[in-house]
Amino acid sequence: MGNDNDAHSAVYWERGSTSTERASSILNKVTGLFGARHELKRLFLVQIRPRNKPWRRQVRENHPMDSDIERAHVLLLQHPVLASLKFGGKFPLQHLLQATADAFIITVVVHMNKKALKETTGQRKDLPLHMACSKGYPHTVIQVMFNGFPDALRRRNDHRFFPIHYAIKSWSGVDSNVVKFLVEQDPSMVMQKGPIFPGGDDEMDLLQLAFFHSLSRDEIDIIVRHYCTEKTSLDIECGVIGLDQAEALCKILPQLKTFKCWPTAWTIDGFVTILKAFEDNQAIETVAALLLPNFLTRQEKVAAHFALTSFISKNRVIKAITFALPSREQGFGLGNTWMATIAGGMMTNHQIRFMQLENFRFSENVLTSFLADGSAPERTSFLRFRVEEDPEEVLDRREVWKKCAVRMLVMIPDRDEDIAGIANKLPRMVNRMPALTIFGFVTRQPTDIDMTQQAVQIIEKNYLGTLVFMGPRFDCNPICEALKTNRALRMCHIGRAFDSEEKKLCLLNVLQTHNTSLTDLGNEFAGLAQYGDHFDSDVSRDERVKYWTNLNECGRAKVRSQYHLLTPFVDLLCNSSNLVETPMENFNVHFGLLREKPALWLAALR
């Protein structure tokens, strides 16, 4: 294509004319065709430039580019064969799409050369259907292109976008007729994921992208009608959720089990509508995130807080929920108010088993009241939080903790100042919680703040089953001394307390000679040197740790303190086979338990 012989395909002989007339006609047509081809080349490669954002240009009656496009259109109408030639590696259709030519011109040129619909162009390797959707062409143009090459609807470009993904985020506005047409041609496209941003790794399906780009209710309704009924989870991120978007979203809530809603902004009507839908919802069991907005007017705040209290108190299906604030920097007054509202709803709801509060900044007394008066569920987590001091401290009043039902508490501060604000209060708070068995304190980055004293005070209370400290700095010797007398702790992860071989040897010695409860130490001992008197030299240290933790798991403490008769001791040996993974570990456990009480079984042998 593109050589001089193509020009002769437009030349035809006129019957009934003389040879001179025929020769003159051929010469005129060839001359005109080559002239038109040369002018088109100049227009496409020099004068007509791509217009990526047409709404930014000032439309004028005699816009130079518009006149060039019209001239190209006229030349193509006069010589249709030129629509099949490439200029600079692109067909005229692709040049005109890049220049955002009029919809009528695009439709005419498509009919001239439908083969161009299969050709990709540009760095993204876009098909003409990709280009038309991204430019916001009406559904009449999209329909003509689809009819010419239906497979284009299911083709991704090099940025992993389908044409329909461009249709819902068009620069010049979204046409609901285009979305409706494309979805109706292949409803499965609704579930096809596309990148949020070009070249990015994060992907969303069409409904998520519709909320991400804040589409209107009409477009969202079209997608919801074809949304997979087997889909049980939905994450809504970014975008603005108003009344229309919320009402469209409520249509899909009954089929979901897990829901996450973190928009850029709410309107009061949208927020209240979603919460009212939650009140009677019988399907959703997990709300992975629900962003709590900061409404400005008093009337909006009252309506929002009332709706949240009503939702929490009436819903009996949700088992896990995460509440988040847009930013912790908005002041602890906002965090205090929302926490009080949540506590009010939780007083009558005992079905929620897990709650996480993210980006909350609250006072010490509000935190104490939330944990102590029965409002907090049995598993509670605080992520990126900050506690402000109160002049009147109620933390030490034991009577206020009697109703506390929290069994698992996880705290994940974000900054050093947040850690310093809560560090000194941790032992008193944790040790006041009567039902607590799991406690975790994890910083998002390693910090130089020393929390040895806090860890020791918690370990010495001898009632926690799981303790996790990750991020702060620790001294291993006080912690090892506390572990010697602890008889309740089964899982202990204090990574930076044992960050050298010498420190890990100290803990291994405690495990070997004193502690009989620990069964899980995390990955503290992987890959260390050989050590020990009771093993061969080729046994690695992590295997020795596994040996002692297996003994504790299988009842080492009972053997030492309770068993004085042979029969229960034999039963313990038999049951231990079900608690280890391999025959060799089973042999090691039996051998170790026999070594714990040699007098008992030696007396039976006599």
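Remark: K403 does not engage D373 in a salt bridge, criterion side-chain N to carboxylate O under 4.0 Å. A salt bridge does not link E219 to K180: none of the charged side-chain nitrogens sits closer than 4.0 Å to a carboxylate oxygen. With respect to the salt-bridge test (charged N to carboxylate O, under 4.0 angstrom), the residues D158 and R124 do not qualify.
Under the 30°/60° scheme for interplanar angles, the aromatic rings of F323 and F311 are found to stand perpendicular.
For R353, the CZ atom counts as densely surrounded, since its 6.0 Å shell holds more than 12 non-hydrogen atoms of other residues, nucleotides or ligands. For NZ of K231, the number of neighbouring non-hydrogen atoms (other residues, nucleotides, ligands) closer than 6.0 Å is greater than 12.
Using modelled atom types, one side-chain atom of T513 and one backbone atom of N509 make a donor-acceptor pair closer than 3.5 Å. In this structure, N552 contributes its side chain and R556 its backbone to no donor-acceptor pair below 3.5 Å. With hydrogens and angles ignored, the 3.5 Å screen pairs a side-chain donor or acceptor of H165 with a backbone N or O of F162. Under the 3.5 Å distance criterion, the side-chain polar atoms of D520 are left unmatched by any main-chain donor or acceptor of M491. Judged by distance alone, with hydrogens and angles left aside, the side-chain atoms of D202 form no donor-acceptor pair with the main-chain N or O of I196 at under 3.5 Å. Proximity of a side-chain donor or acceptor of T232 to a complementary backbone N or O of L256 within less than 3.5 Å is not detected. Using a distance-only test at 3.5 Å, with no hydrogens or angles considered, no donor-acceptor pair links the side chain of N515 to the main chain of K484. A side-chain donor-acceptor contact under 3.5 Å links N431 to the backbone of P427. A donor-acceptor pair under 3.5 Å is absent between the side-chain atoms of W548 and the main chain of T519, judged by distance alone. Side chain of N486 to main chain of I459: a donor-acceptor pair is present (N/O by atom type, distance under 3.5 Å, no hydrogens or angles).
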Mind running salt bridge (charged side-chain N to carboxylate O under 4.0 Å, His left out) on R386 and D414 for me, showing each step along the way?
CA-CA 8 Å; R386 184 167 187 175; D414 193 31; over 6 Å; no
Evaluation steps, salt bridge (charged side-chain N to carboxylate O under 4.0 Å, His left out), between E237 and K260:
CA-CA 8 Å; E237 297 184 20; K260 177 181 178 180; 3.5 Å; yes
Candidate pair K193 and D205, rule salt bridge (charged side-chain N to carboxylate O under 4.0 Å, His left out), full reasoning
CA-CA 4 Å; K193 291 189 174 183; D205 63 35; over 6 Å; no
Could you walk me through whether I321 and I352 pass side-chain contact (heavy atoms from CB on, under 4.5 Å), step by step?
CA-CA 8 Å; I321 190 167; I352 295 179; 4.1 Å; yes
Given K314 and E279, is the salt bridge (charged side-chain N to carboxylate O under 4.0 Å, His left out) satisfied, shown in steps?
CA-CA 6 Å; K314 292 181 180 180; E279 289 183 11; 3.8 Å; yes
Evaluation steps, side-chain contact (heavy atoms from CB on, under 4.5 Å), between L483 and L507
CA-CA 9 Å; L483 289 174; L507 180 58; 3.5 Å; yes
Take L409 and L436 through the side-chain contact (heavy atoms from CB on, under 4.5 Å) test and state the conclusion after the steps.
CA-CA 7 Å; L409 178 62; L436 191 67; 3.9 Å; yes
Full working for side-chain contact (heavy atoms from CB on, under 4.5 Å) between Y463 and V430
CA-CA 11 Å; Y463 69 94; V430 171; 3.4 Å; yes
Using the side chain to side chain donor-acceptor pair (under 3.5 Å) rule, take T452 and D450 through it: C-alpha gap first, then chi angles, then the decisive distance, then the call.
CA-CA 6 Å; T452 303; D450 191 299; 2.8 Å; yes
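The shortest distance between side-chain heavy atoms of M346 and M355 falls below 4.5 Å. For the pair F441/Q454, no side-chain contact is recorded, criterion being any heavy-atom separation below 4.5 Å from C-beta on. Between C506 and L508 there is no side-chain heavy-atom pair separated by less than 4.5 Å. Side-chain contact between I438 and R379 is absent, with no heavy atoms from C-beta onward closer than 4.5 Å.
Nearest heavy atom pair, residue N336 against residue S363, reads OD1-N, 2.9 Å. Across L275 and L308, no two heavy atoms sit closer than the pair CD1-N, 3.5 Å. The minimum heavy-atom distance linking A167 with V178 is given by the pair CB-CG1, 4.0 Å. In this structure, V272 and A303 approach most closely via the heavy-atom pair CG2-O, 4.2 Å. Here the closest heavy-atom approach between residue L215 and residue I220 is recorded as O-CD1, 3.6 Å. Minimum heavy-atom separation, I241 to I236: CD1-CG2, 4.1 Å.
In this structure, F382 has its ring center under 6.0 Å from that of F362. Between F385 and F360, a ring centre-to-centre spacing not shorter than 6.0 Å is recorded.
The distance from the CZ atom of F354 to the CD1 atom of I318 is 13.5 Å, given to the nearest 0.5 Å.
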